[in-house]
Number of protein chains: 2
Amino acid sequence: MVDETADSAAPSRLMNTPSWLMTQTATHAHRMVSEGFAAAEARAYHYRLLAALEEFGPASQAALGRRCGVDRSDMVAMINELADRRLLERAPDPSDRRRNIITITPAGSRQLRRLDDVLAEVQEELLAPLDAGERGQLAGLLARVLRHHQRGQ
Amino acid sequence: MVDETADSAAPSRLMNTPSWLMTQTATHAHRMVSEGFAAAEARAYHYRLLAALEEFGPASQAALGRRCGVDRSDMVAMINELADRRLLERAPDPSDRRRNIITITPAGSRQLRRLDDVLAEVQEELLAPLDAGERGQLAGLLARVLRHHQRGQ
DNA sequence: GCAACTTTGTTGGATCATCCCACGATCACG
DNA sequence: CGTGATCGTGGGATGATCCAACAAAGTTGC
């Protein structure tokens with residue numbers, strides 16, 4: 001029997017490159033989160049928007065997009081979808097008629113809490129090989145990298 | 001003057017979620033690598049293929065795809081592009097007429113070494129806030145997560 | 001040796017996330 | 001008042017990933 005890992009092992013150049021490790025683990029993370037949310041009949045970006053609304057209160061579409069790193073254009077479809085499911089409400093801003101004020105509904109808050117549970121399970125599966133301390137280390141290191149590249153932009 | 005970070009701060013639910021930190025940092029990493037390679041008139045996947053060929057020697061398109069996690073379909077266009085630039089050669093396998101044997105050329109090896117330098121610069125910029133020890137920690141943790149999810153697939 | 005299954009390269013298309021541009025409406029400021 | 005910026009919206013480009021189907025060629029079991 002031939003060693004099955006022989007022709008599936010990635011080049012060491014890649015396995016030693018942080019950016020490769022990041023994009024590869026992110027691909028797994030993204031797939032697992034998407035599948036987890038799909039099982040709850042939700043999409044990944046639902047969580048982003050609901051979380052932002054829950055934490056910071058009602059906001060315009062543009063402000064919401066800035067928080068979550070989503071383009072204004074793409075916010076439209078996302079909010080359409082969430083509004084169709086009555087998870088948030090889109091109302092015109094009386095003090096600025098260009099804006100819509102997006103507000104999370106009670107059903108949206110409930111859905112957010114449900115997605116919290118789903119997401120916690122996915123993190124557990126994603127980080128299975130790491131203990132609690134290592135998970136904290138990883139999150140801390142990534143957060144520092146992320147903060148560094150979010151500065152001034 | 002209003003605090004400009006006030007409406008750009010991401011929800012804490014996201015900043016505390018490892019999968020979010022992974023996908024976000026990976027987005028930055030991917031963008032920086034793409035830009036770095038574009039400046040060298042190369043694409044991100046060029047490096048993958050050249051690295052695999054340099055380390056493991058000539059291989060069929062399918063074997064190459066398995067190593068680098070690239071679909072057979074997508075290998076075709078990638079190899080076309082690299083073959084057009086004479087960075088690798090595609091020759092029929094005499095012992096199995098279904099297969100093509102892909103071989104890196106001297107120009108391909110030179111290009112790989114040039115891309116090594118580009119990539120090293122990008123890693124430096126990407127991981128700027130971390131010292132050498134922390135970079136090792138991060139790479140080690142990500143590699144363990146990655147290995148865990150690559151098992152048996 | 002022959003039928004059934006698998007592998008390989010290739011084409012074509014689907015999906016998804018991200019990004020950019022242009023438009024009309026509205027607002028802010030000189 | 002008029003110039004420039006912002007907002008929601010629509011349209012489209014891009015790039016990465018994935019899947020289906022196909023013919024040609026190999027492999028396996030009977």
Side-chain angles (χ1 to χ4, degrees), chain A residues 2 4 7-8 19-20 22-24 26-35 37-38 42-49 58-83 88 90-102 153, chain B residues 2 4 7-8 19-20 22-24 26-35 37-38 42-49 58-83 88 90-102 153:
Chain A
V2 181
E4 291 169 0
D7 70 338
S8 71
S19 66
W20 168 261
M22 284 183 185
T23 54
Q24 287 305 104
T27 298
H28 284 281
H30 184 264
R31 183 180 41 77
M32 291 168 64
V33 169
S34 294
E35 289 173 358
F37 280 170
R43 290 174 168 275
Y45 54 73
H46 289 189
Y47 187 79
R48 292 197 234 174
L49 303 190
S60 72
Q61 299 184 192
L64 215 44
R66 271 182 299 251
R67 275 200 195 287
C68 306
V70 176
D71 196 85
R72 288 204 317 281
S73 317
D74 305 317
M75 288 294 305
V76 182
M78 297 184 187
I79 292 184
N80 283 342
E81 197 173 321
L82 287 168
L88 51 79
R90 172 156 44 189
D93 184 342
S95 76
D96 184 341
R97 309 219 307 277
R98 294 170 303 177
R99 292 183 173 145
N100 291 330
I101 296 186
I102 311 300
Q153 170 226 13
Chain B
V2 180
E4 291 169 359
D7 70 339
S8 71
S19 67
W20 168 261
M22 285 184 184
T23 54
Q24 287 305 105
T27 299
H28 285 282
H30 184 264
R31 183 180 41 76
M32 292 168 64
V33 169
S34 294
E35 290 174 357
F37 280 169
R43 290 173 170 277
Y45 55 72
H46 289 189
Y47 187 79
R48 291 196 236 174
L49 303 191
S60 72
Q61 299 184 192
L64 214 45
R66 268 177 301 234
R67 274 200 196 288
C68 304
V70 176
D71 195 87
R72 289 203 317 279
S73 318
D74 306 317
M75 289 293 306
V76 181
M78 297 184 186
I79 293 184
N80 283 342
E81 195 173 322
L82 288 167
L88 51 79
R90 172 156 43 189
D93 183 343
S95 77
D96 185 339
R97 310 219 308 277
R98 294 170 304 178
R99 293 185 172 139
N100 290 332
I101 296 186
I102 311 300
Q153 169 226 17

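- Judged by distance alone, with hydrogens and angles left aside, the side-chain atoms of A:Arg48 form a donor-acceptor pair with the main-chain N or O of A:Cys68 at under 3.5 Å.
- Annotation: the terminal axes of the helix from C:dG1-D:dC30 to C:dG30-D:dC1 meet at 20°, where each axis is the rotation carrying the C1' atoms of four end pairs onto the next four (5 pairs per end, rounded to 10°).
- Between the CZ atom of A:Arg90 and the C1' atom of D:dC7 there is a distance of 12 Å, given to the nearest Å.
- Between A:Ser60 atom OG and A:Ile102 atom CD1 the span is 8.0 Å, to the nearest 0.5 Å.
- Within the model, atoms CG of B:Leu88 and CD of B:Glu81 stand 10.5 Å from one another, a figure rounded to the nearest 0.5 Å.
- Distance check: A:Leu49 CG to A:Arg67 CZ gives 12.0 Å after rounding to the nearest 0.5 Å.
- Between the C1' atom of D:dT6 and the CD1 atom of A:Ile101 lies a distance of 16 Å, rounded to the nearest Å.
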Sugar-phosphate means primed atoms, P, OP1 and OP2; the rest is base. With that split, encode nucleotides 13-23 of chain D 5' to 3' as B, S or - using protein heavy atoms under 4.0 Å.
-> --SSBBBBB--
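- Taking atom CZ of residue A:Arg99 and atom P of nucleotide D:dG8, one finds them 7 Å apart after rounding to whole Å.
- Scanning both residues, A:Arg72 and A:Ala62, for their nearest heavy atoms gives CD-CB, 4.2 Å.
- Here the shortest heavy-atom pairing between A:Val76 and A:Arg90 reads O-NH1, 4.3 Å.
- For the pair A:His28 and B:Met22, the minimum side-chain heavy-atom distance is 4.5 Å or more.
- Here the straight-line distance linking atom CH2 of B:Trp20 with atom NE2 of A:His30 works out to 10.0 Å at 0.5 Å rounding.
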Please list each protein N or O that sits under 3.5 Å from an N or O in nucleotides 26-30 of chain C, with the distance.
{"unit_1": "C:dT26", "atom_1": "OP1", "unit_2": "A:Arg97", "atom_2": "NH2", "d": "3.4"}
{"unit_1": "C:dC27", "atom_1": "OP1", "unit_2": "A:Arg97", "atom_2": "N", "d": "2.9"}

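- In this structure, the CE atom of B:Met75 is 18 Å from the C1' atom of C:dG12, given to the nearest Å.
- The interatomic distance linking B:Gln61 (CD) with D:dA25 (C1') rounds to 15 Å, in whole Å.
- Taking every heavy atom of both residues into account, A:Pro92 and A:Asn100 meet most closely at CA-OD1, 4.0 Å.
- Residues A:Arg43 and A:Met78 are not in side-chain contact: their nearest non-hydrogen atoms beyond the backbone lie 4.5 Å or more apart.
- Separating the OG atom in B:Ser73 from the CD atom in B:Gln61 is a distance of 11.0 Å, to the nearest 0.5 Å.
- Distances shorter than 4.0 Å separate some side-chain N or O of B:Asn100 from OP1 or OP2 on C:dT10.
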